[in-house]
> 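One structure, as structure tokens, below. Some questions next.
Since we're looking at a predicted model, the values are computed, not measured.
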Amino acid sequence: MDLKTLTYIVVGLTFALYIGIALWTRAASTGEFYVAGGGVHPIVNGMATGADWMSAASFISMAGLIAFLGYGGSVYLMGWTGGYVLLAMLLAPYLRKYGKFTVPEFIGDRYYSKTARLVAVVCLIFISFTYVAGQMRGVGIVFSRFMEVEILTGLIVGMGIVFVYAVLGGMKGITYTQVAQYIVLILAYTVPAVFIAVQLTGNPLPQLAFGSKLSDGSGYMLDRLNQVVTDLGFAAYTAGNKSTIDVFAITFALMVGTAGLPHVIVRFFTVPKVRDARSSAGWALVFIALLYTVAPAVGAMARYNLTTTVQTGVVGAPDGNLSYEQRPEWMKRWETTGLLKFKDLNGDGRIQYYQDKNKAFAEKAASFGWKGNELTVDNDIMVLANPEIAKLPNWVIALVAAGGIAAALSTAAGLLLVISSSISHDLLKGTLMPDMSEKAELMSGRIAAAFAIAIAGYLGYNPPGFVAQVVAFAFGLAASSLFPVIIMGIFSKTVNREGAIAGMLTGLIFTFGYILYFKGIFITPMADNIPANWLFGISPEGIGTVGMVLNFVVAFAVSKVTAPPPKEVQELIEHIRLPYGAGTAQSH
Amino acid sequence: MSDNTPSERMDANAVDYWRASIRLIFICLAIWFVCSYGFGILFVDALNTIQIGGFKLGFWFAQNGSIYVFLALIFFYAARMNVIDREHDVHED
């Protein structure tokens, strides 16, 4: 059976599964729509959180980023897992005890202010739409490459599936579909990794394989990889090329941003008890770690495979490089997508892949008759092309396609749900139309979800040029706006309304402004995005850390000089700190 | 026999419970910080001089080890908190 037919069958089967689950788990009340009725088992919730959290970026892009960054890619590995420690200890149990439906609702009650609630809604919507656009782009890439359909067709199919289970099923439908999607995506990620690990090292566990000896007897894999890439002028794989302070700031911003992402936090509202919220964060990290501990192995193995495929012999020897005519099938296929490009600069019909920005090596390369790097490989294709590079059977490639779509759709659905619930619950019910009946609120939630899907689809089809850059925005804003006010709301009895609003706005405006200044998302950048220009040497990706500190400082300072929170708010804080008496999530 | 009213005894217990929770969080986050930011970032070069199998130790902490530590920490925290909840009689059901 050819690859295309097989891919259609595998992806089609997973879609049928998601729709089946959606029909079986329809939401009948606002409680089921917002928090799945609050009765989800902690392990089930952990698995759903895993799928919710692991997006197209984790599945498709991350291992590719690590492959090209080496040690520098560690910021994503630590940053996107370490946040769960903060979630488990600082947020999830207390917000679960509080027992409402949305994150802005907590902020509004704790700071006795509709303004605070609205600022939180604005942050939430901006963060979530930024994120959704990236998911839809992921769906588009997978469809156009593996199913060979127009991106638009792919998007409409994807949106249709999400529409069915998010709009009908709400949080309840999403939870059980995410469990199915987790299983699809983790198989799709680990199966090829195991195959490749066995091929290269004979060790089937990818986590150990990249620290093992290569089967060809040339020594430890990472040592050999360092050798192979430095021979071509690249930085050593296990050494970094970012400054320590920047690595520190980026990791911190990603961790804190993770803990402040509304679509992740809200998953912990669905478990029955406070103690379940704690253990459920642990289970979530178990399921996430299954992918995140494999990713660095995938990155290292992919980099090794790619480099040795192109550099077949001695560096500098006339026949040491792969002849373009003899390039493997997968290169031809990915060339048609434009994500892999070859330009024969020196006209020798062979592919030279090296670091031409390394001056010393570029001079040496010139003496070989090389005239610049001839191959550009997009980060995003490393995971998707991996099974083809390793010559794995077609069913594995089809599985990877289904996994990529599962990762993107599961995250998109979680994001769309928090967008729709903040519109129907915080904006309409909580602010504009407080007399709305539960039935009308449920309907408005569904309508809001449908609109959000349409906007997300539009953003996926016309990706604003900045999609790749806005990830910094999502994490930076979550870290500098939502995370600090939630933490202060639980751990301080003195931070008041004025402090929280001033803190949130300071963190938000500072972080937003800094990223805009260097990246110029809607305007032209006002300064070159280079370390010499950065504040304390911190890049826009890591600036959320500084924004967070500013938020805390301003909030405490303003609270000191204004009236303390009223007595009932102090009682609310005491109440959420003690586990007993947690009911299921309530609207009032 | 103390002459505190029940609600005051309850308050003292709540304060005690909160102090115990904060202490546990502090210990866990100290380990969290040392294993990721310490071993994986600040002291990565020093640890990289130690090689275990094919891994340089600092590199391994940054790419794999810290994640295992995070996992162990959350389950340790959840288990300890269950004990603390019971000791202070604030556990659920």
> What is the ring orientation for Trp53(A) with Tyr84(A), classed by angle as parallel under 30°, tilted 30 to 60°, or perpendicular over 60°?
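Ring orientation of Trp53(A) relative to Tyr84(A): perpendicular.
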> So what's closer than 4.5 Å to chain A heavy atoms on Leu24(B): side chain, backbone, both or neither?
neither
> Phe26(B) versus chain A, heavy atoms under 4.5 Å apart: side chain, backbone, both or neither?
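No part of it gets close to chain A.
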> Considering only heavy atoms, which portion of Ser66(B) lies under 4.5 Å from any heavy atom of chain A: side chain, backbone, both, or neither?
side chain
> Kindly assign one of parallel, tilted or perpendicular to the pair Phe59(B) and Tyr71(A), based on the angle between their ring planes and the thresholds 30° and 60°.
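Rings of Phe59(B) and Tyr71(A): tilted, as their planes differ by 30° to 60°.
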> Is Asn48(B) in contact with chain A via its backbone, its side chain, both, or neither, using a 4.5 Å heavy-atom distance?
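Side chain only.
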> Could you look at Asp85(B) and say if it's the side chain, the backbone, both or neither that has a heavy atom under 4.5 Å from chain A?
side chain
> Given heavy-atom pairs under 4.5 angstrom as the criterion, report whether the side chain, backbone, both or neither of Tyr17(B) touches chain A.
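Side chain of Tyr17(B) only, per the 4.5 Å heavy-atom cut-off to chain A.
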> Does NZ or CZ of Arg303(A) lie under 6.0 Å from the centre of the six-membered ring of Phe234(A), at an angle within 45° of the ring axis?
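Yes.
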> When you compare the side chains of Asp216(A) and Ser218(A), does any donor N or O come within less than 3.5 Å of an acceptor on the partner?
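On atom types as modelled, these side chains qualify, holding a pair under 3.5 Å.
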> Any chance you could measure Ile74(B), atom CD1, to Leu86(A), atom CG, to the nearest 0.5 Å?
9.0 Å
> Can you say whether Val69(B) sits under 4.5 Å from chain A via the side chain, the backbone, both, or neither, judging by heavy atoms?
neither
